[in-house]
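Every chain is numbered from 1, with letters handed out A, B, ... down the list of sequences. These numbers come from a predicted model, not from an experiment.
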Amino acid sequence: MWGYILKRFLVAIPILLAIAFVTFLLMRFTPGNYLDTMRMDPQYSKATIQHYEELYQLDKPLLQQYLQWIKNILRLEFGYSFYYNVPVVQIIGGRLWNTFVLSCASFLFTWGVALPLGITAALRRNQWLDRLIQFFSYVWLSVPSFFLAMILLYAASQTGFLPLGGMVSPNFEEMNFLEKALDILKHLAIPTIALSVGSIAALQRIMRGNMLEVLGQQYILMARAKGLPENKVVYHHALRNAINPLITLLGYEFSSLLSGAALIEIICGWPGLGALMLTAVRSKDIYLVMASMLMGSVLFIIGNLLADILLAKADPRIRYERG
Amino acid sequence: MLLELKNIKKYFPVKKGFLGRGQTFVRAVDGVDLAIQEGENVSLVGESGCGKTTLARSILRLMPLDGGQIIFKGEDLSRLSGRRIIPYRKHMQMVFQDPFSSLDPRFTVRRLLQEALTLEKEQYKTKGSQEERAAYLLSAVQLKGDMLSRYPHEFSGGERQRVAIARALMLNPQLLILDEAVSSLDVIVQKQIIHLLGDLQRQFRLTYLFISHNLKIIRKISHKIAVMYQGKIVELAPTEEIFNNPLHPYTRELLSAAVEYKAIAREEAILISDHSRLIDKGNGHFVLSE
């Protein structure tokens, strides 16, 4: 098992290098860079610009710049944000946490609602409750999340029940711990719902489909024939098998945690990584973009690995070779 | 009398008209009468889709009945609803056709077997007694004791079917329904399993209801054969009587379809109407006629 994990990490290194290289090329081949903006700004002295050029070897050939960047990364120096004028790590850290909070909330909400819905629908196949769930799934699948976010924000502005944006209220610092938590939860509500509703609709359908397929298997009949009560048949035999394909999905979900929320973050004014990355790309803040990309890729790889390990734990038919 | 079926009916809706009107049904099982004595192996034969499997599952009440009575040792099971049928399941067990999909891939053989004891919790309270019972039955189906901690995918088809049989016997049933239980196995393994079934019958005083389209195997194992066609039993007679003196045209066709019985050619058209009844022709031989 450990050997397998180590192997996966070793394989991940060239993948990460390739991703970084392509990002690097893309950023360099589009015209202009952040230094051009600086040069046009009379506030920056020639010496400062020169300092940056030397620091990142921006006057050197492309490959050398790339290798320099890699070298810095190995020393855990992710570079400097031109736009924010601080080390990249400082900015990403806080933003990463905010996005993580939002993604986790959305993730828990999505899975917590979708799985029971899917199971319920499958157990009441083609009855009115199932049809109702399927009807609303179609509706919600067709509503774009940003549109839903806008509607919710409009509703919030009319009722004043929920805050209109951001992550905390202006008087956040004066609150005690409980009030702080409640305040963040309130701010979380709209972006979480907007992010989750479409995924709930989709995931619910997948769960229902899996469950129906498993319920048609002979070992379910066999479990009934054994004289097991229906709830044991459903939860011990059907559910455990139906959940299998979802574990793979879980890995992908995990990897898209950081990137998936960008649009909603921007609309709801959530200070997350997605909004940050967009500004960074537009202002050609190259090291910020690359550090974010790298972070996303690492999460993607960890997510996939996590899914594979979970799958092996859950399904006795899957075993990984040693070493 | 171990089991008596009276006028069993199971219809499946195929088409639904506007607002549920004008619904049409497939008569999967259409008024079946059958009696099984203790220790008397009965076989159900017929082509695919004739209702054999549906009948078997209806007997175990794994699907709701649309009519008729199931009388097991004088007790009418057809009137018991939902939860109350569960305790009776221990008397009748089933081995399914496909050994690859009939064992839950997530469960070890130990768990699969011991879970079957849910209905006999009183008798097998301790882990030790459950373990003992599972090991005993595993040896009864001639599998090694160390196979208990293995998963179904680590077994061959024949071994899996042995596990399925052991599982079915955990509760000490009186009737074992074998639904095409050897059809998916190769000929040698088939022979071994049939031999095993003979041993088990003596050891556990079982009665078999054998469902198959393989006439050769049926001839070996059953005392009585019921030929099923389009949801009805068209002929019912002792085994040799069916093979030597098939009366119903469908039975003849079935026999002629099997290579060894080529001599009997099909002569008459097969007619079945709602007015057909099983007519006694003597020697325990019944035929469906107008």
Side-chain angles (χ1 to χ4, degrees), chain A residues 1 115 119 122-128 130-131 134 207 209-248 250 307-321, chain B residues 13 16 53 56-57 59-63 82-109 111-121 149-154 160 163-164 167-171 173 176-177 179-181 184:
Chain A
M1 185 63 140
L115 295 192
I119 296 164
L123 294 179
R124 286 173 185 68
R125 180 188 201 175
N126 292 341
Q127 292 171 19
W128 67 268
D130 178 33
R131 280 168 201 224
Q134 298 323 310
M207 184 67 214
N210 287 344
M211 196 73 183
L212 283 179
E213 199 200 319
V214 169
L215 283 173
Q217 296 288 322
Q218 279 193 356
Y219 55 78
I220 297 298
L221 263 183
M222 163 103 104
R224 291 210 176 101
K226 271 182 195 175
L228 293 183
E230 194 58 24
N231 66 330
K232 269 199 176 173
V233 175
V234 170
Y235 294 106
H236 285 194
H237 290 276
L239 191 58
R240 281 191 52 172
N241 283 289
I243 215 107
N244 247 10
L246 291 181
I247 292 173
T248 316
L250 197 86
D308 285 344
I309 293 170
L310 272 177
L311 205 59
K313 281 261 176 289
D315 192 335
R317 281 169 298 184
I318 300 170
R319 285 282 172 269
Y320 297 118
E321 81 275 38
Chain B
K16 216 174 189 177
T53 296
R57 291 181 185 178
I59 295 171
L60 291 182
R61 294 285 311 275
L62 288 173
M63 41 174 76
R83 204 166 297 172
R84 286 194 296 154
I85 188 71
I86 288 179
Y88 287 91
R89 295 231 160 107
K90 69 178 175 202
H91 302 300
M92 294 186 278
Q93 284 292 320
M94 187 159 174
V95 176
F96 293 90
Q97 173 173 8
D98 180 6
F100 288 90
S101 78
S102 67
L103 302 174
D104 190 328
R106 299 286 198 93
F107 281 51
T108 58
V109 170
R111 255 190 98 181
L112 280 168
L113 293 181
Q114 292 182 359
E115 192 190 43
L117 295 173
T118 309
L119 278 179
E120 291 279 19
K121 264 191 205 134
S149 29
R150 286 210 220 156
Y151 285 97
H153 69 274
E154 298 169 79
R160 277 166 176 245
V163 171
R167 199 282 312 160
L169 297 180
M170 282 297 277
L171 288 166
L176 190 61
I177 301 179
D179 184 4
E180 304 274 13
S184 64

>> Just to be sure I understand the criterion: a residue of residues 87-95 of chain B counts if one of its heavy atoms is under 4.5 Å from a heavy atom of chain A. Which ones qualify?
In response: B:R89, B:Q93
> Given side chains that start at C-beta, do those of A:N244 and B:R106 come closer than 4.5 Å, heavy atoms only?
Replying inline: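 Side-chain contact under 4.5 Å: yes.
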> Do the side chains of A:Y219 and B:P105 get nearer than 4.5 Å, heavy atoms only?
Replying inline: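 They are in contact (side-chain heavy atoms under 4.5 Å apart), so the answer is yes.
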> Of the backbone (N, CA, C, O) and the side chain (C-beta and beyond), which part of B:E115 lies under 4.5 Å from a heavy atom of chain A, both, or neither?
Replying inline: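 For B:E115, heavy atoms of backbone and side chain both lie under 4.5 Å from chain A.
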> Which answer fits B:R61, side chain, backbone, both or neither, if we ask what part of it has an atom under 4.5 Å from a heavy atom of chain A?
Replying inline: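 Looking at B:R61, nothing touches chain A.
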> Under 6.0 Å from the CD atom of A:E230, do we count more than 12 heavy atoms belonging to anything else shown?
Replying inline: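 Counting other residues, nucleotides and ligands, CD of A:E230 exceeds 12 neighbours.
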> Looking only at heavy atoms, what is the nearest atom pair of A:A225 and B:L60, with distance?
Replying inline: CB-CD1, 4.5 Å
> Looking at residues at least two apart in the chain, or sitting in another chain, which of them share a ring pair (Phe, Tyr, Trp, His ring centres under 6.0 Å) with B:F107?
Replying inline: A:H237
> Counting only N and O atoms by type, is there a donor-acceptor contact under 3.5 Å from the side chain of A:Q218 to the main-chain atoms of B:D98?
Replying inline: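 Side chain of A:Q218 to backbone of B:D98: a pair is present.
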> For the atom pair OG (B:S102) and CD1 (A:I220), what is the distance rounded to the nearest 0.5 Å?
Replying inline: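 Rounded to the nearest 0.5 Å, the OG-CD1 separation comes out at 11.5 Å.
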>> Just verifying a value: how many Å separate A:H236 NE2 and B:D104 CG, rounded to the nearest 0.5 Å?
In response: 11.0 Å
>> Among B:L112, B:T118, B:L119, which residue satisfies the side chain to side chain contact (heavy atoms under 4.5 Å, CB included) criterion with A:K226?
In response: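 Among B:L112, B:T118, B:L119, the one meeting side chain to side chain contact (heavy atoms under 4.5 Å, CB included) with A:K226 is B:L112.
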